[in-house]
Amino acid sequence: YEISVIGLRLSDTYQDQCVQSNYNYHFVDSEHDLINICASINPEIIMLDILDTTQKFIADLKERSGSKVISFEDNGSGSILTDLTINELYPSITGSDKILCGPDYSFLRNEFEEPNLDLVRDIDILISFGGTDPNDLTVKVLNWLVEAGMTELSVVIVLGLGASRQKEEVEHILTIENVTSFSVVSDVSEMADLMCRSKAAITASGRTVYELAACKVETICICQNPRQLTHLFVSEINGITNLGYFKDVKREDLILAVEEKLSHGMTGSRLDIDFSKSKKNVLTAIRNLVGSES
């Protein structure tokens, strides 16, 4: 396939990544411009990674381009008009057989397909709220652990590249409180190894939950936004403690959950989920869609 990347309202950082890639690229500021570019390219497949779509947008895109349309993480009304939607995190709102949901259709990075589960679990708690951590949950959780006197635990705080504000505040707290057993890392190259060394993790209810499950880490989730509340995998049935929406979570809720998770010992999570075939399931669904034209 000849691949073209169309960036819709991308930040400078992501535009730079497109420029440095080996793909043809276009940058647009509106759905109208995106549709025009797709119509001019006339590709066999259009893959959308723009979250929720509308029926009008999908209808116009298919009519103008004549292409098969695949959408990812799309709970919008447009998902019922796509040829295929992959929602690895969130359940379908329609029950359509063209919408594939759940961990069987996740696509984790290669390092999580065969994580090293033999590593010694020498990290008590891994804190990771990814990206920019818009609600400052890293700082809130850190304060709660310090206030609860859990400063003797081995804790690793992972900060996303966009969390520069949190980094300063986290380091300030650790210095003021003279906490030496907590460490801060960012731009981690071997995240799977870090997770496999962890007994428990505190994170948001996003894709990181699947990564932690693959590494068999006892997990506590705090939802960053209402969308994350619909992630059905994040439940006790899968061995995951979901504390709910961040505005409703109290310190005692978190501390109780941490104590419960650490009481399981050093054996890692009770989860027994195999993600090794998930990526293949996604690729098979896409190839079947392409093959259906012939």
Side-chain angles (χ1 to χ4, degrees), residues 1 3-10 14 23 26 28 30-39 41-109 112 130-131 204-211 213-214 223-235 238 273 275-294:
Y1 289 95
I3 298 174
S4 296
V5 177
I6 304 174
L8 173 63
R9 294 188 286 269
L10 289 186
Y14 289 114
Y23 302 122
H26 310 268
V28 297
S30 69
E31 285 81 0
H32 175 76
D33 292 337
L34 186 153
I35 291 172
N36 285 339
I37 295 254
C38 288
I41 296 174
N42 187 30
E44 186 172 5
I45 298 176
I46 298 172
M47 295 189 183
L48 300 173
D49 185 21
I50 58 176
L51 299 182
D52 296 349
T53 61
T54 64
Q55 289 190 38
K56 183 180 187 310
F57 170 71
I58 297 297
D60 290 348
L61 179 62
K62 294 183 70 172
E63 180 181 359
R64 291 284 310 282
S65 67
S67 308
K68 294 287 183 76
V69 174
I70 302 172
S71 191
F72 293 86
E73 298 309 319
D74 185 354
N75 273 338
S77 61
S79 64
I80 65 175
L81 297 183
T82 65
D83 296 284
L84 180 66
T85 294
I86 307 290
N87 284 349
E88 62 174 315
L89 296 181
Y90 308 111
S92 169
I93 59 173
T94 66
S96 168
D97 58 4
K98 293 182 180 180
I99 303 178
L100 306 179
C101 306
D104 286 341
Y105 299 97
S106 63
F107 34 99
L108 304 182
R109 299 195 303 273
F112 293 101
S205 184
R207 186 167 291 106
T208 303
V209 172
Y210 286 157
E211 296 174 350
C223 299
Q224 290 266 25
N225 52 60
R227 183 185 178 95
Q228 290 189 352
L229 292 171
T230 67
H231 190 176
L232 298 184
F233 182 80
V234 181
S235 65
N238 291 316
I273 297 173
F275 289 88
S276 62
K277 297 180 181 179
S278 300
K279 187 182 297 183
K280 182 179 179 180
N281 291 339
V282 174
L283 294 174
T284 298
I286 293 172
R287 287 170 178 147
N288 288 342
L289 179 63
V290 177
S292 67
E293 290 187 339
S294 56

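Taking 4.5 Å as the limit, every side-chain heavy atom of Arg109 sits out of range of all side-chain heavy atoms of Lys279. In this structure, Phe233 and Leu89 have side chains that are not in contact, with every pair of non-hydrogen atoms separated by 4.5 Å or more. Side chains of Ile58 and Leu48 form a contact here, defined as non-hydrogen atoms less than 4.5 Å apart. Contact annotation: the side chain of Val290 never approaches that of Lys68 to less than 4.5 Å [non-hydrogen atoms, C-beta and beyond]. Using a 4.5 Å cut-off on side-chain heavy atoms (C-beta onward), Arg227 and Asp52 make contact.
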Handout entry: Audit row: Leu34, Leu61, side chain to side chain contact (heavy atoms under 4.5 Å, CB included) steps and yes/no
Key = CA-CA 9 Å; Leu34 186 153; Leu61 179 62; 4.2 Å; yes

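In the model, Thr53 has a side-chain atom that pairs as donor or acceptor with a side-chain atom of Asp74 under 3.5 Å.
Not a single donor-acceptor pair under 3.5 Å links the side chain of Ser106 to the backbone N or O of Leu108. Counting only distance, with no hydrogens or angles, the side chain of Asn238 and the backbone of Val234 share no donor-acceptor pair below 3.5 Å. At distances below 3.5 Å, not a single donor-acceptor pair connects side-chain atoms of Asp104 with backbone N or O atoms of Ser278. With hydrogens and angles ignored, the 3.5 Å screen pairs no side-chain donor or acceptor of Lys62 with any backbone N or O of Thr82. Remark: side-chain polar atoms of Asp83 are paired, donor with acceptor, to backbone N or O of Val69 under 3.5 angstrom. Side chain of Glu73 to main chain of Asp49: no donor-acceptor pair is present (N/O by atom type, distance under 3.5 Å, no hydrogens or angles).
By the 6.0 Å and 45° rule, Arg207 stacks over the aromatic ring of Phe107.
Closest non-hydrogen pair, Asn42 versus Ser65, comes out as OD1-O, 2.7 Å. Residues Gln228 and Ala204 share a closest heavy-atom pair of OE1-CB, 3.6 Å. Leu51 approaches Ser71 most closely through the heavy-atom pair O-OG, 4.4 Å.
The aromatic ring centroids of Tyr210 and Phe275 lie less than 6.0 Å from each other.
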